[in-house]
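What you see is a predicted model; the values in this text were computed from it and never measured.
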Amino acid sequence: MDEAYLSFPYNQYIADVQLFFVKDNNSTCDKEVEVTEYIDTTTLLQDMLKDSKYNSTSIISISNNPIFLKEMMQNHIGTILTCIPAKDFLRNTPDFTACTINSLPKILKGECSGYGAEVYATYGKGIPKMSLLKCEYEISLSDGTKREVIVFMGGRYYSDTHQYLLNDPLSRLVLNFKENYTKSVDLFFDAALRSLRKHESFDILTYVPLKPKENKYDRFVGLKLEKNSKDGMKLQRVLEFNKNFSQKGNNFYRRKENVKGAFNVISDIKGKNIIVIDDVYSTGSTIEEAIKTLYENGANKVFAVLLAVNQMTESNIEYKNLKCKLCGNEMKLRINKKGELFFGCTAFYRHKAIPTTINLQQGLNLLKDKNKLEVTNDRDLEDEY
């Protein structure tokens, strides 16, 4: 950890803060502070909970080590990464990334609300200090030249198959967006694109299209993007798939092979600056091939904006869901006719005598409290291992 973070006056921004300086066997700490030796996350967190008398929802972990933060996330601990995440760590994205010592006060005071798409999914509107998850790297073109890839993502997507975080607002909207117009998604893309255009000049706004035989809702065609449209920046089709394939269930290598050479460019893009949008970044194979194709057809600069990045964070902790007070069934996030999220069981519409639905904010607070870590006695820990 950088010296500036060790010396930072945290008590000026968080009342009654307790600091734990943690290091593993391979790291050093030159600052004269009491240091907690880090051996395993379970023991570390149990010691912190016992010593601080706080619950786990009050813990914030700050580090430049993404592996350490990944272990904290597995225990549902708040995380701040003090550097830009490498591509290989996108699937375990902390709550805040690229945090600098200058931005830390705003995060601690709650003035930075997190990733843009997550903010829109949770509140239905944007908040001035929301951010985008950024990743930069290079790709090789067919002629061997290297070109820069800059990808922005609006937040994190959690699949139901991993059971790490059930009933996540953005994850629910990602699924809805595949089949229906989703206002919060539209508002996010409109705000994100407008923000990027303040710093870069773009000529073309395009998207990853449906495959030839995909007979389903064309989600991007339905976007309004009102603020960008007023400026004359409208979505246009530049790419088309020249073959059908499925990426579902494939590993990284198979995904890259499937999508290789899969795009044609159907417009003149020579010398143009382009933004291309898509919904979910999993391995990055599809968006990388799209960017590569645009560069090889003469594009000058290509940026990508995606709704969310697929998370592979796992946890040994059983996630506890909300239960309906009337029928006892699990409550899940649902969407009403206005596009608003709420919690309800499968039979919520039949519970007319006693309303059982819970609004989004109340439900998220209940889930947060329900899934906090419990303090375990030493005997229990010995039995566990």
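Within the 3.5 Å criterion, the main-chain N or O of Ala191 finds no donor-acceptor partner in the side chain of Ser195. Checking side-chain atoms of Asn64 against main-chain N and O of Leu81 turns up no donor-acceptor pair under 3.5 Å. In this structure, Tyr217 contributes its side chain and Tyr181 its backbone to a donor-acceptor pair below 3.5 Å. At least one donor-acceptor pair closer than 3.5 Å links the side chain of Asp190 to the backbone N or O of Asn228. For the pair Lys53 (side chain) and Lys50 (backbone), a donor-acceptor distance under 3.5 Å is present. For Thr82 (side chain) and Ile80 (main-chain N/O), no donor-acceptor pair under 3.5 Å exists by modelled atom type. Using a distance-only test at 3.5 Å, with no hydrogens or angles considered, no donor-acceptor pair links the side chain of Thr145 to the main chain of Leu141. Under a 3.5 Å cut-off, the side chain of Tyr295 and the backbone N or O of Glu148 do form a donor-acceptor pair. Looking only at distances, no side-chain donor or acceptor of Asp16 sits under 3.5 Å from a matching main-chain atom of Gln18. Of the possible polar contacts, none joining the Thr79 side chain to the Leu69 backbone as a donor-acceptor pair under 3.5 Å is found.
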Checking Ser142 against Glu296 for the side chain to side chain donor-acceptor pair (under 3.5 Å) test, could you report, in this order, the C-alpha distance in whole Å, the side-chain angles of both residues, the deciding distance, and whether it holds? CA-CA 8 Å; Ser142 299; Glu296 291 184 336; 2.7 Å; yes
Evaluate the criterion side-chain contact (heavy atoms from CB on, under 4.5 Å) for residue pair Tyr123 and Gln361; output intermediate values, then yes/no. CA-CA 8 Å; Tyr123 302 104; Gln361 291 300 318; 3.6 Å; yes
I'd like to know whether Gln311 forms a side-chain contact (heavy atoms from CB on, under 4.5 Å) with Met73, so could you lay out the CA-CA distance, the side-chain angles of the two residues, the decisive distance to 0.1 Å, and finally the verdict. CA-CA 11 Å; Gln311 299 297 287; Met73 284 186 280; 5.6 Å; no
Step by step, would you call Asn176 with Val185 a side-chain contact (heavy atoms from CB on, under 4.5 Å)? CA-CA 10 Å; Asn176 191 69; Val185 172; over 6 Å; no
For side chain to side chain donor-acceptor pair (under 3.5 Å), just list the numbers for Thr57 and Asn55, CA-CA rounded to whole Å, side-chain angles, deciding distance to a tenth of an Å, and then say yes or no. CA-CA 6 Å; Thr57 61; Asn55 66 51; 2.3 Å; yes
Run Phe177 and Phe220 through ring-ring contact (aromatic ring centres under 6.0 Å, His included) and show every step you take. CA-CA 9 Å; Phe177 180 54; Phe220 294 115; 5.6 Å; yes
Check the pair Tyr319, Leu165 against side-chain contact (heavy atoms from CB on, under 4.5 Å), reporting the backbone distance first and the verdict last. CA-CA 7 Å; Tyr319 194 84; Leu165 185 63; 3.6 Å; yes
Walk me through it: do Lys134 and Glu136 pass the test salt bridge (Lys or Arg N to Asp or Glu O under 4.0 Å)? CA-CA 7 Å; Lys134 181 181 181 182; Glu136 302 178 56; 3.3 Å; yes
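Residues Leu45 and Ser56 fail the side-chain proximity criterion, which asks for heavy atoms closer than 4.5 Å. At least one side-chain heavy atom of Phe263 sits less than 4.5 Å from a side-chain heavy atom of Thr286. Side-chain contact between Met153 and Thr93 is absent, with no heavy atoms from C-beta onward closer than 4.5 Å. Under the 4.5 Å side-chain criterion, counting only non-hydrogen atoms from C-beta, Tyr207 is not in contact with Arg219. With contacts defined as side-chain heavy-atom distances shorter than 4.5 Å, the pair Lys370/Leu322 qualifies. Counting heavy atoms from C-beta outward, Pro169 and Leu364 have side chains that approach closer than 4.5 Å. Looking at Met331 and Lys323, their side chains never come closer than 4.5 Å, going by heavy atoms from C-beta outward. Annotation: side chain of His351 is in contact with side chain of Cys345 (closest heavy-atom distance under 4.5 Å).
Between Glu226 and Lys224 no salt bridge is recorded (no basic side-chain N to carboxylate O distance below 4.0 Å). Between Arg197 and Asp231 there is a salt bridge, since at least one side-chain N of the basic residue sits less than 4.0 Å from a carboxylate O of the acidic one. Under the 4.0 Å criterion applied to side-chain N and carboxylate O atoms, Arg156 and Glu118 are assigned as salt-bridge partners.
Taken together through direct or relayed side-chain contacts under 4.5 Å among Ile, Leu, Val, Met, Phe, Trp and Tyr, Leu187 and Tyr157 form part of one hydrophobic cluster. Under the 4.5 Å side-chain contact rule for hydrophobic residues, Leu132 and Leu90 do not share a cluster. Connection of Ile127 to Leu133 is not established within any shared hydrophobic cluster, with ILVMFWY side chains joined at heavy-atom distances below 4.5 Å, either directly or through further cluster members. Both Leu307 and Leu205 are part of a single hydrophobic cluster, where members link through side-chain heavy atoms under 4.5 Å apart.
More than 12 heavy atoms of other residues, nucleotides or ligands sit less than 6.0 Å from atom NZ of Lys211. Within 6.0 Å of atom CG in Asp218, more than 12 heavy atoms from other residues, nucleotides or ligands are found, so the atom counts as buried in its surroundings. Within 6.0 Å of atom NZ in Lys70, 12 or fewer heavy atoms from other residues, nucleotides or ligands are found, so the atom counts as exposed in its surroundings. The environment of CD in Glu138 is crowded: more than 12 heavy-atom neighbours from other residues, nucleotides or ligands sit within 6.0 Å. Other residues, nucleotides and ligands contribute more than 12 heavy atoms inside 6.0 Å of the NZ atom of Lys243.
The aromatic rings of His76 and Tyr164 sit parallel to each other, their planes meeting at less than 30°, with 60° as the upper class boundary.
Taken to the nearest 0.5 Å, the CG atom of Asn297 stands 11.5 Å off from the CD1 atom of Ile266. Of the inter-residue distances, the one linking Thr206 atom OG1 with Ile275 atom CD1 reads 11.0 Å to the nearest 0.5 angstrom. Note that the CG atom of Asn321 and the NZ atom of Lys332 stand 8.0 Å from one another [nearest 0.5 Å]. Note: Ile59 CD1 to Leu373 CG = 7.0 Å, rounded to the nearest 0.5 Å. To the nearest 0.5 Å, the span separating OH on Tyr158 from OG1 on Thr313 amounts to 6.0 Å. Atom CG in Leu306 sits 9.0 Å away from atom CD1 in Ile277 (nearest 0.5 Å).
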